[in-house]
Engineer: 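One structure, as structure tokens, below. Some questions next.
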Amino acid sequence: MAVVEYHPTAYRTHTLGQIQESGAELLATEVKICGFMEAARGKGKICFMDIRDGTGRCQIFFKEGAVDEHTLAQAQNLSRESTVQVIGMVAEKRPPKVAEGEPTPPPTYEVVASALNVITEAMTPLPLGVTDTVSVGLDTRLDNRYMDLRRSHVSAMFTLRSRVLQYGREHLITEGFKEINSPKIIASASEGGTNLFPMMYFDTPAFLSQSPQLYKQLTILGGMERVFEIGPAFRAENHDTYRHLNEFISFDIEGAWMDDDDVMAVQERMINHIWQSVADNDQDQIDIINQYRISQDEQPITVDVPSIPFPRIEYCDAIKMIQDSGANISWGDDIESSHCDIIAAIHPGFHFLPRWPMAMKPFYIHHITGEDGATGEQLSRGFDLNYGRDEMTSGGQREHNVEVLEENLRNKGLDPADFSFYTDGFRYGAPPHAGWGLGVARLLMALTGARNVRETVLFPRDRQRVTP
RNA sequence: GCCCGUGUGGUGUAGCGGUUAUCAUGAGGGGUUGUCGAUCCCUUGACCCGGGUUCGAUUCCCGGCACGGGCGCCA
């Protein structure tokens with residue numbers, strides 16, 4: 001992971017993180033620092049102020065004599081979450097009293113203030129307390145996300161989200177994938193099936209894209225070999241669950257000269273790399289989340305790097321597994337949430353579900369004629385990746401033969417003519433190819449133990465919420 | 001969209017056909033303190049909206065709105 005360097009800015013010479021990390025070298029150095037005022041203790045001749053910036057926390061010590069009376073009073077009466085700029089000297093903090101026999105903790109650092117500049121004063125009361133021990137409802141948190149984000153475990157969640165995307169990118173680049181951006185305003189349904197959000201594109205009716213699928217494929221037809229995209233997808237579905245949003249970030253790949261097994265292998269290598277990198281670099285963020293979880297009487301989470309290959313449970317075997325447990329399901333039925341619970345009881349971690357019936361998969365999924373399931377019906381080269389009961393990914397080998405593609409479209413009740421912008425791309429030489437789309441928010445849920453996808457999305461969009 | 005449940009200070013909660021409506025956290029004031037989940041004292045602030053039943057509704061009933069859980073569908 002790259003080393004981060006914070007250069008001085010117009011407002012500060014050092015970050016609070018730098019003061020804690022390099023306090024020993026900075027002793028007796030004058031620094032200018034900024035932050036949100038988290039807590040102020042002391043009403044007499046002294047005041048201890050904890051401030052927080054995006055890199056860490058620091059205690060500021062105000063004392064009579066070092067600052068004038070007005071400054072001391074200002075520090076003592078400042079409302080929580082006000083933003084301040086402080087000038088002072090770095091000093092070693094007096095160690096806290098430790099019980100007999102306890103080891104002395106390593107030195108920490110503070111700033112002895114000589115000047116305080118209140119940048120903006122926070123209104124009171126706060127819509128939710130940043131450091132309060134009371135729990136806050138999700139709706140209140142989302143309505144006031146700017147304040148919720150100041151809470152350390154929430155901040156840790158989005159730091160991890162950034163890292164997960166970074167490690168995912170990193171891995172795919174090492175396997176030769178190039179990052180692309182496909183249009184989100186489209187003229188027609190890209191897959192059929194789900195409901196799209198209609199919109200007006202000047203005078204032309206258009207839609208928000210539900211998936212980059214067809215565009216990824218066009219880049220493969222264009223010879224780009226291996227591509228990935230991390231971008232939004234929009235679905236106008238009336239679902240209302242812990243794992244659905246109407247706008248979500250889809251992490252997609254597509255690769256030429258590959259089949260479904262090949263891209264499953266890419267995916268498990270990528271997830272393994274992400275988990276391994278988080279375990280190596282980001283335990284501090286996991287610790288912050290765990291500290292909060294413990295305060296809420298929840299089990300702490302551990303980053304268990306999943307070993308590869310992940311288990312593969314073919315559709316036919318999954319149906320058998322579900323039937324054996326006593327549930328009522330027949331070949332050709334969808335595997336529903338309650339069925340996923342049955343599989344998850346046996347395979348609690350990541351597992352692939354390959355070889356679904358062709359009838360249940362979209363038109364662009366490839367099938368090998370004669371590759372039939374238990375009841376003699378055509379299987380596809382489509383697969384899912386689940387973590388526990390939750391679907392993370394849908395993917396597969398794509399159909400590269402234009403005649404078969406058009407036949408598939410007709411079989412799904414779609415008119416090939418509506419897809420000519422896409423099917424025409426297959427008429428001039430087409431490589432076999434495969435890919436998948438992964439829900440980033442769901443992957444974060446798997447990593448962090450979040451039980452609601454809204455925890456892993458900054459400003460979620462669901463049926464009831466378009467704001468903030 | 002369907003089924004079930006819940007709406008009480010800023011936040012999170014307890015509770016009840018007639019209460020001084022509980023507790024925590026916060027906010028305001030003060031005391032003490034090189035503090036560090038600071039602490040102690042005082043003060044402050046709430047029953048989602050509309051209709052009905054009732055002598056009386058925050059409590060019961062109906063409707064609305066909002067939220068939570070489950071399901072369908074999906075990533």
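Within every chain, numbering begins at 1; the chains are lettered A, B, ... in the order of the sequence lines, protein sequences first and strands thereafter. Quick caveat, the model's predicted, so the values are computed rather than measured. Values reported hereafter were calculated over all heavy atoms of this structure, with side chains retained and with hydrogens, waters and symmetry mates removed.
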Engineer: Counting only side-chain heavy atoms from C-beta out, which of B:rU35, B:rG37, B:rA66 sits nearest to A:Thr133?
Structural biologist: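 Nearest nucleotide to the side chain: B:rG37.
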
Engineer: Which word best sums up how the rings of A:Phe310 and A:Phe350 line up, parallel for under 30°, tilted for 30 to 60°, or perpendicular for over 60°?
Structural biologist: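 A:Phe310 and A:Phe350: parallel rings.
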
Engineer: In terms of side-chain heavy atoms of A:Arg80, which of B:rG34, B:rG1, B:rA27 is nearest?
Structural biologist: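 The answer is B:rA27, which lies nearest to the side chain.
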
Engineer: B:rU35 C1' sits how many Å from A:Leu72 CG, rounded?
Structural biologist: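 Between C1' of B:rU35 and CG of A:Leu72: 14 Å.
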
Engineer: Which value, in whole Å, describes the distance between the P atoms of nucleotides B:rU39 and B:rA24?
Structural biologist: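 It comes out at 13 Å once rounded to the nearest Å.
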
Engineer: Measure from the side-chain heavy atoms of A:Arg235 and tell me the nearest of B:rA38, B:rG69, B:rC74.
Structural biologist: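 It is B:rC74.
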
Engineer: Any base atoms under 4.0 Å from A:Leu245, or only sugar-phosphate, or nothing? Heavy atoms, all strands.
Structural biologist: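 It contacts base atoms.
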
Engineer: When only distance counts, do a donor and an acceptor, one from the side chain of A:His239 and one from the base of B:rC74, lie under 3.5 Å apart?
Structural biologist: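 Between B:rC74 and A:His239, which were checked side chain against base, a qualifying N/O pair under 3.5 Å is absent.
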
Engineer: Is the distance between the ring centroids of A:Phe419 and A:Phe363 under 6.0 Å?
Structural biologist: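 Under 6.0 Å, so yes.
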
Engineer: Pick the C1' atom in B:rU53 and in B:rC60, then give their distance to the nearest Å.
Structural biologist: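 About 8 Å, rounded to a whole number of Å.
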
Engineer: Rounded to whole Å, please give me the gap between CG in A:Asn144 and C1' in B:rG26.
Structural biologist: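 Checked: the CG to C1' distance equals 15 Å.
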
Engineer: Where the side chain of A:Lys93 is concerned, which of B:rC36, B:rG72, B:rA75 is the nearest nucleotide?
Structural biologist: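 Side chain of A:Lys93 sits closest to B:rC36.
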
Engineer: Assess whether a salt bridge exists between A:Arg442 and A:Asp390, defined as any Lys/Arg side-chain N lying under 4.0 Å from an Asp/Glu carboxylate O.
Structural biologist: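 No salt bridge links A:Arg442 with A:Asp390.
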
Engineer: At 4.0 Å (heavy atoms only), tell me whether A:Arg389 reaches a base, stays on the sugar-phosphate, or touches nothing.
Structural biologist: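 Sugar-phosphate contact only.
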
Engineer: Verify whether one side chain among A:Gln217 and A:Tyr422 offers a donor that lies under 3.5 Å from an acceptor in the other.
Structural biologist: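 Per modelled atom types, A:Gln217 and A:Tyr422 side chains form a pair under 3.5 Å.
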
Engineer: Which part of the nucleic acid, if any, lies within reach of A:Lys45 when heavy atoms closer than 4.0 Å are counted: base, sugar-phosphate only, or nothing?
Structural biologist: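 Contact class for A:Lys45: none.
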
Engineer: Compute the ring centroids of A:Trp331 and A:Tyr315, then answer whether they are less than 6.0 Å apart.
Structural biologist: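 Ring-ring flag for A:Trp331/A:Tyr315: true, centres closer than 6.0 Å.
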
Engineer: What's the closest nucleotide to the side chain of A:Thr140 if the choices are B:rG12, B:rA27, B:rC67?
Structural biologist: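 Side chain of A:Thr140 sits closest to B:rG12.
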
Engineer: Ring centroid separation for A:Phe177 and A:Phe228, is it under 6.0 angstrom?
Structural biologist: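 No, too far apart.
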
Engineer: Using a 4.0 Å heavy-atom cut-off, does A:Arg243 contact any base of the nucleic acid, only the sugar-phosphate backbone, or nothing at all?
Structural biologist: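 Base, at least one base atom sits under 4.0 Å.
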
Engineer: So A:Gly129, base contact, sugar-phosphate only, or nothing? Heavy-atom distance under 4.0 Å.
Structural biologist: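 Here A:Gly129 touches no strand at all.
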
Engineer: Which base, if any, makes a Watson-Crick or G-U wobble pair with B:rU35, both distances under 3.5 Å?
Structural biologist: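 The base-pairing partner of B:rU35, which may sit in any strand shown, does not exist here.
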
Engineer: Whole angstrom is fine here: how far is it from CZ in A:Phe383 over to C1' in B:rC74?
Structural biologist: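 About 16 Å, once rounded to whole Å.
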
Engineer: Where the side chain of A:Ile46 is concerned, which of B:rC73, B:rU25, B:rG34 is the nearest nucleotide?
Structural biologist: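 Minimum distance to the A:Ile46 side chain belongs to B:rG34.
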
Engineer: So what does A:Ser338 hit on the nucleic acid, given a heavy-atom distance under 4.0 Å: a base, only sugar-phosphate, or nothing?
Structural biologist: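 Result for A:Ser338 = nothing.
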
Engineer: What is the distance, rounded to the nearest whole Å, between atom CZ of A:Arg463 and atom P of B:rA66?
Structural biologist: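 Roughly 10 Å, once rounded to whole Å.
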
Engineer: Answer with base, sugar-phosphate or nothing: what part of the nucleic acid does A:Ser135 contact at a heavy-atom distance below 4.0 Å?
Structural biologist: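 Answer is sugar-phosphate: A:Ser135 comes under 4.0 Å of backbone atoms only.
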
Engineer: Check every atom of B:rU25, B:rA75, B:rC71 against the side chain of A:Ser337 and return the nucleotide holding the closest atom.
Structural biologist: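 Selected nucleotide (nearest to the side chain): B:rC71.
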
Engineer: Does B:rC67 have its OP1 or OP2 closer than 4.0 Å to a side-chain nitrogen or oxygen of A:Gln464?
Structural biologist: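 Result: yes.
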
Engineer: Need one value for A:Asp334: base, sugar-phosphate or nothing, where a base atom within 4.0 Å counts as base even if backbone is also close, heavy atoms only.
Structural biologist: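 Contact class for A:Asp334: sugar-phosphate only.
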
Engineer: Checking all strands, does A:Arg141 fall into the base, sugar-phosphate, or nothing category for heavy-atom contacts under 4.0 angstrom?
Structural biologist: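 Here A:Arg141 touches no strand at all.
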
Engineer: Starting at NE2 of A:His244 and ending at C1' of B:rG72, how long is that distance when rounded to a whole Å?
Structural biologist: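 Distance check: A:His244 NE2 to B:rG72 C1' gives 9 Å.
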
Engineer: Just by modelled atom types, is the A:Asn195 backbone N or O under 3.5 Å from a matching donor or acceptor in the A:Glu237 side chain?
Structural biologist: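 Answer holds: yes.
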
Engineer: Determine the contact category for A:Glu110: base if any of its heavy atoms lies under 4.0 Å from a base atom, sugar-phosphate if only primed atoms, P, OP1 or OP2 are that close, otherwise nothing.
Structural biologist: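 Base, at least one base heavy atom under 4.0 Å.
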
Engineer: May I ask which nucleotide in the shown strands pairs with B:rU19, Watson-Crick or G-U wobble, both distances under 3.5 Å?
Structural biologist: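 Per the H-bond distance test, none.
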
Engineer: Nearest whole Å is fine: how far is B:rU11 P from A:Leu128 CG?
Structural biologist: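 So the two atoms are 9 Å apart, to the nearest Å.
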
Engineer: With a non-hydrogen cut-off below 4.0 angstrom, is A:Asn238 in contact with a base, only sugar-phosphate, or nothing?
Structural biologist: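 Here A:Asn238 touches the bases of the nucleic acid.
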
Engineer: Check if the side chain of A:Arg442 and the base of B:rC74 share a donor-acceptor pair of N or O atoms closer than 3.5 Å.
Structural biologist: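 Donor-acceptor pair under 3.5 Å: yes.
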
Engineer: Do A:Phe48 and A:Phe61 make the cut of ring centroids closer than 6.0 angstrom?
Structural biologist: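 For A:Phe48 and A:Phe61, the ring centres are under 6.0 Å apart.
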
Engineer: Should B:rG68 form a Watson-Crick or G-U wobble pair with both distances under 3.5 Å, which nucleotide is its partner?
Structural biologist: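 Because both required distances fall under 3.5 Å, B:rG68 counts as paired with B:rC4.
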
Engineer: Please determine, for the side chain of A:Arg41, which listed nucleotide (B:rG1, B:rC36, B:rA66) has the closest atom?
Structural biologist: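 Selected nucleotide (nearest to the side chain): B:rC36.
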
Engineer: Base, sugar-phosphate, or nothing: which does A:Phe61 touch, judged by heavy atoms less than 4.0 Å apart?
Structural biologist: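 Answer is base: heavy atoms of A:Phe61 come under 4.0 Å of a base.
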
